[in-house]
Amino acid sequence: MTHVAIIGGGPGGYEAALVARRLGADVTLVEKTGIGGSTVLTDCVPSKTLIATSDFLTEVAGAAELGVQVPREIKADMAAVNARVTSLAEAQSGDIAQKVREAGTRVVDGTAVVAGPSQVEVESGGTRETIDADAILVATGAHPRVSPDAMPDGERILTWEQLYGLTTLPEHLVVVGSGVTGAEFASAYNGLGVRVTLVSSRDRVLPGEDEDAANLIEDVFRRRGMEVLGRSRMQSVVRDGDTVTVTLTDGRTVEGSHCLLALGSIPNTAGLGLEEAGVRLDDGGFVKVDKVSRTHARGIYAAGDCTGVLMLASVAAEQGRIAMSHLLGDAVHPLDLRKMSSNIFTSPEIATVGLSEKAIQEQGMLVDVASYPLASNARAKMQGIHDGFVKLFARRGVGTVVGGVIVGPRASELVHVLSLAVSSSLTADQVAGAFTVYPSLSGSVAEAARHLHTTL
Ligand SMILES: Cc1cc2nc3c(=O)[nH]c(=O)nc-3n(C[C@H](O)[C@H](O)[C@H](O)COP(=O)(O)OP(=O)(O)OC[C@H]3O[C@@H](n4cnc5c(N)ncnc54)[C@H](O)[C@@H]3O)c2cc1C
């Protein structure tokens, strides 16, 4: 029997454990904080739970348009919101731990290091254990980047891991960083009724994302009262009593009651014994892997945020599954980022699948583009939805859908049909030809696809 040792119980680790057990391996999973990892305990699950409350309030804010008068004073009870967030995350961690154990995985609570190509050493409550393994999977994740000039104090200067300790709404939250994490929290707190200033070092929010989508979100942010400071690089963040002052590199200052640092992530790879075991790291400390999650060291695989391939829970899980399929001789489909879908949980959401417009341009691929606003969709009108669009990219001549963007409420749910189209190389005509319900937002996906029809 093949013995696999997995370090890290996030989606990269626990999904791998489940696959490895199914394929008949003997699996030991070492986790130092909690099964589910940062995904479940501090990142994805808590943030999306918080966003569920914010989305609800945003919908209520639009009630008058639908003919409903709501009392003026509707606000979130932050202590109750965050209590729900943390208990839901803990329960989810417990559910996953039970599933992993029931599948026959040995779970060890402790901190592991790689002691050699086939050995893992675990330290747990003062005791040490050496685990011999035929293969090791490193899935240790990442942690928030901080700056010596902006040290979190856990009370007013916060990382995203520390936000859930708040029991009252901040009076004025300054969010530093306008990538996905910064934009999602800025949007969430804006929806909760908090004054938010978003400090962005770039020309626009969400740099690197679809330009039309990012511009739309920035417009919505401003319209909802958020102050967005573009081309504004943070130099330092200092707390004085109940005030935090964010100083920008050009000398301007922004004062708030709280500051959220969303400065990106650092891989948890230091001190793990990886390089000594022959694993190569890049300049940022990320583990170098190939498309089947192999590192440079024979028998050592890596998955998830510690590889920096694409820092998403879904990608971490897929990398973990692929690693175990490869190791244990099952059919392997190497990781193909050209077919990936992902979502930014702002309000409205931005869902993307396949190739981006930028990637298409860089590759010199000839495509036809159709963009269709949600505002003209009958269901959107009924529901009071004004912002959003569906954009599709199809290869010129053949019509194969290679990518798409959906901006709108619950875009994360709507995008699956496009994900299917991209992964199955469907043509725009095939997407347009599948029946959609009338009235429905998905009708706009079919409508955009119809715009791509070319007559021979
Ligand atoms: C605020 C935020 C929101 C996000 N929202 C989403 C989202 O909506 N959708 C999405 O797909 N992605 C989201 N992400 C990204 C997602 O959280 C990560 O991509 C995901 O956590 C990566 O999973 P992982 O298994 O690599 O690592 P993790 O989930 O971080 O798990 C790694 C685990 O390894 C453990 N560990 C580390 N070192 C050791 C050691 N030496 N010994 C034992 N255990 C160790 C850690 O304790 C941790 O539990 C979000 C990220 C952030 C920051």
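- The number of heavy-atom neighbours closer than 6.0 Å to CZ of Arg204, taken from other residues, nucleotides and ligands shown, is above 12.
- The pair Lys358-Glu211 fails the salt-bridge criterion, with no side-chain N (NZ, NE, NH1 or NH2) lying under 4.0 Å from an Asp/Glu carboxylate O.
- Not counting sequence neighbours, the partners of Thr159 by the side-chain contact (heavy atoms from CB on, under 4.5 Å) test are Pro144, Val146, Pro152, Glu161, Gln162.
- Remark: side-chain polar atoms of Thr105 are paired, donor with acceptor, to backbone N or O of Val100 under 3.5 angstrom.
- Side-chain contact between Leu192 and Met78 is present, with at least one heavy-atom pair separated by less than 4.5 Å.
- Salt bridge annotation for Asp109-Lys32: absent, with no cationic side-chain nitrogen under 4.0 angstrom from a carboxylate oxygen.
- The closest side-chain heavy-atom distance from Gln235 to Asp149 is not below 4.5 Å.
- Exactly one of Val174, Val196, Leu163 qualifies for a side-chain contact (heavy atoms from CB on, under 4.5 Å) with Leu260. That residue is Leu163.
- Between Arg222 and Glu227 no salt bridge is recorded (no basic side-chain N to carboxylate O distance below 4.0 Å).
- Enclosure of atom CG in Asp250 by more than 12 non-hydrogen atoms of other residues, nucleotides or ligands within 6.0 angstrom is indicated.
- In this structure a side-chain-to-backbone donor-acceptor pair under 3.5 Å is missing from Gln383 to Ile385.
- Between Phe389 and Leu374, the closest side-chain pair of non-hydrogen atoms is not below 4.5 Å.
- The shortest distance between side-chain heavy atoms of Ile350 and Leu206 falls below 4.5 Å.
- Here the CZ-CD1 distance, from Arg395 to Ile360, works out to 9.5 Å after rounding to the nearest 0.5 Å.
- When all heavy atoms of Ser124 and Gly110 are compared, the pair lying nearest together is CB-CA, 4.0 Å.
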Side chain to side chain contact (heavy atoms under 4.5 Å, CB included) for Val309 and Val289? Distances and angles first, verdict last. CA-CA 8 Å; Val309 168; Val289 284; 3.9 Å; yes

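- No more than 12 heavy-atom neighbours from other residues, nucleotides or ligands sit within 6.0 angstrom of CD on Glu171.
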Step by step, would you call Thr352 with Glu209 a side chain to side chain donor-acceptor pair (under 3.5 Å)? CA-CA 9 Å; Thr352 51; Glu209 303 296 333; 5.0 Å; no

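- Ionic pairing of Lys99 and Glu102 is not present here: no N-O contact between side-chain nitrogen and carboxylate oxygen is shorter than 4.0 angstrom.
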Could you walk me through whether Arg224 and Ser347 satisfy the side chain to side chain donor-acceptor pair (under 3.5 Å) test, starting with their C-alpha distance in whole Å, then the side-chain angles of each, then the deciding distance to 0.1 Å, before giving a yes or no? CA-CA 11 Å; Arg224 291 188 183 154; Ser347 172; 3.2 Å; yes

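- Atoms CG and CD1, on Leu29 and Ile7 in that order, are 10.0 Å from each other to the nearest 0.5 Å.
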For Val175 and Thr197, what are the C-alpha separation, side-chain angles and deciding distance, and is it a side chain to side chain contact (heavy atoms under 4.5 Å, CB included)? CA-CA 6 Å; Val175 178; Thr197 301; over 6 Å; no

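- To the nearest 0.5 Å, atoms CD (Gln319) and CG (Asp305) are separated by 9.0 Å.
- Contact annotation: the side chain of Lys391 approaches that of Val369 to within less than 4.5 Å [non-hydrogen atoms, C-beta and beyond].
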From CA spacing to verdict: side chain to side chain donor-acceptor pair (under 3.5 Å), Ser178, Ser200: CA-CA 5 Å; Ser178 67; Ser200 170; 2.8 Å; yes

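- The residues Glu318 and Arg321 are annotated as salt-bridged, a charged nitrogen and a carboxylate oxygen being separated by less than 4.0 angstrom.
- Judged purely by distance below 3.5 Å, without hydrogens or angles, the side chains of Glu349 and Ser412 pair a donor atom with an acceptor atom.
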Let me see the working for Trp160 and Ser265 under side chain to side chain contact (heavy atoms under 4.5 Å, CB included), right down to the final yes or no. CA-CA 11 Å; Trp160 61 78; Ser265 299; 3.6 Å; yes

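- For His143, the side-chain contact (heavy atoms from CB on, under 4.5 Å) criterion is met by Ile266, Asn268, not counting sequence neighbours.
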Take Met365 and Val402 through the test side chain to side chain contact (heavy atoms under 4.5 Å, CB included) and record every step on the way to the result. CA-CA 10 Å; Met365 186 187 280; Val402 291; 4.2 Å; yes

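- Heavy atoms from other residues, nucleotides or ligands lying under 6.0 Å from NZ of Lys291 number 12 at most.
- Only one option out of Val60, Thr58, Thr53 pairs with Phe56 in a side-chain contact (heavy atoms from CB on, under 4.5 Å); it is Val60.
- Note that CE of Met311 is 8.0 Å distant from OG1 of Thr307, once rounded to the nearest 0.5 Å.
- Taking each heavy atom of Gly284 and Pro267 in turn, the nearest pair found is O-CG, 3.4 Å.
- Checked by atom type and distance alone, the side chain of Thr181 never pairs as donor or acceptor with a backbone atom of Ala262 at under 3.5 Å.
- For the atom pair Met151 CE and Ile157 CD1, the distance stands at 9.5 Å (nearest 0.5 Å).
- Contact check on Asp387 versus Arg223 returns a salt bridge, with a Lys/Arg side-chain nitrogen under 4.0 Å from an Asp/Glu carboxylate oxygen.
- Between Leu337 and Met340 there is a side-chain heavy-atom pair separated by less than 4.5 Å.
- Using a 4.5 Å cut-off on side-chain heavy atoms (C-beta onward), Val176 and Cys259 make contact.
- Heavy atoms from other residues, nucleotides or ligands lying under 6.0 Å from CZ of Arg252 number more than 12.
- Considering CG of Leu198 and CZ of Phe221, their distance stands at 6.5 Å, rounded to 0.5 Å.
- What you find for Val407 and Ala213 is that their closest heavy atoms are CG2-CB, 3.6 Å.
- The closest side-chain heavy-atom distance from Lys339 to Ser425 is below 4.5 Å.
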